[in-house]
Amino acid sequence: MDELSAEARILAAIRAIPRGQVAGYGEVARRAGLPGRARLVARILSGNADTALPWHRVLRSDGRIALPENSRGWHEQVQRLRAEGVRVERGRVRVAKPAADLDAALWGPRR
DNA sequence: TACTTGACATAAG
DNA sequence: ACTTATGCCAAGT
């Protein structure tokens, strides 16, 4: 019954990722109110045909592109990401290091 | 029902 | 930073 709504919420969560930004599968699931369903997000994307959907902004939690390296989809994802200014190196996007930033803020120079 | 598969995540070594 | 082992969940056989 709510199979459709689950998919709808996931699609909405993906559409909500701002241009030039990325999000992990698990992250998308959480934002859709479906914690623990990262694989459901992957399932939906694997079957998606909507080119307007910003599917390219969804990556693995480690910042790597989920599709098989050098596959057609892989190349397209890299291109789409770079087209919006996202730096992609060796099939992966720079992952944020909040701990380091926090650490610097709390324990940095003169503190 | 039992087993396999997949655009995953996380902890350990 | 990279690889392996486990856990996970929904669908397909």
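Convention: sequence-line order gives letters A, B, ...; per-chain numbering from 1. Just so you know, these numbers use all the heavy atoms, side chains as well, and skip hydrogens, waters and symmetry mates.
- A/A23 and A/V28 get closest at one heavy-atom pair: CB-CG2, 4.1 Å.
- Closest non-hydrogen pair, A/R82 versus A/V88, comes out as NH2-O, 2.6 Å.
- Ionic pairing of A/E7 and A/R9 is not present here: no N-O contact between side-chain nitrogen and carboxylate oxygen is shorter than 4.0 angstrom.
- When side chains are defined from C-beta on, A/H75 counts as touching A/N70, because their heavy atoms get closer than 4.5 Å.
- By the 4.5 Å heavy-atom criterion applied to side chains, A/L45 and A/L53 are counted as neighbours.
- Between B/dA7 and C/dG7, the two P atoms lie 22 Å apart (nearest whole Å).
- Near DNA chain C, defined here as any heavy-atom distance below 4.0 Å, there are no residues from residues 56-81 of chain A.
- Heavy atoms of other residues, nucleotides or ligands lying less than 6.0 angstrom from CD of A/E76 number more than 12.
- At a non-hydrogen distance threshold of 4.0 Å, A/R90, A/R92 from residues 87-94 of chain A come into contact with DNA chain C.
- Between the side chains of A/H56 and A/E84, a donor-acceptor pair is found at a separation under 3.5 Å.
- Pairing each heavy atom of A/Q77 with each of A/I65, the nearest pair is OE1-CG2, 3.2 Å.
- Across all strands shown, A/R43 has heavy atoms under 4.0 Å from sugar-phosphate atoms exclusively, and none from any base.
- Heavy atoms only, all atoms of each residue included: A/A29 and A/A38 are closest at CB-N, 4.0 Å.
- Residues A/L59 and A/L81 form a side-chain contact, since some pair of their non-hydrogen atoms from C-beta on lies under 4.5 Å apart.
- The existence of a salt bridge linking A/R64 and A/E69 is confirmed by a sub-4.0 Å separation between a basic side-chain nitrogen and an acidic carboxylate oxygen.
- For DNA chain B, the contact window with chain A, defined by any atom under 4.0 Å from a protein heavy atom, covers B/dG6 to B/dT10 in 5' to 3' order.
- Listed by residue number, A/A38 are the residues of residues 27-38 of chain A with a heavy-atom contact under 4.0 Å to DNA chain B.
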Pair pattern of DNA chain C in dot-bracket, where unpaired bases get dots and | marks partners in another strand, Watson-Crick or G-U under 3.5 angstrom: .||||||.|||||
Does the side chain to side chain contact (heavy atoms under 4.5 Å, CB included) test come out yes or no for A/L11 and A/R15, once each step is laid out? CA-CA 6 Å; A/L11 292 175; A/R15 277 188 273 264; 3.5 Å; yes
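- Closest heavy-atom contact between A/W55 and A/N48: CD1-ND2, 4.3 Å.
- Applying the salt bridge (charged side-chain N to carboxylate O under 4.0 Å, His left out) rule to A/R31 yields the partners A/E27; only residues at least two apart in sequence or on another chain are considered.
- Nearest heavy-atom pair across A/G20 and A/V86 is O-CG2, 3.5 Å.
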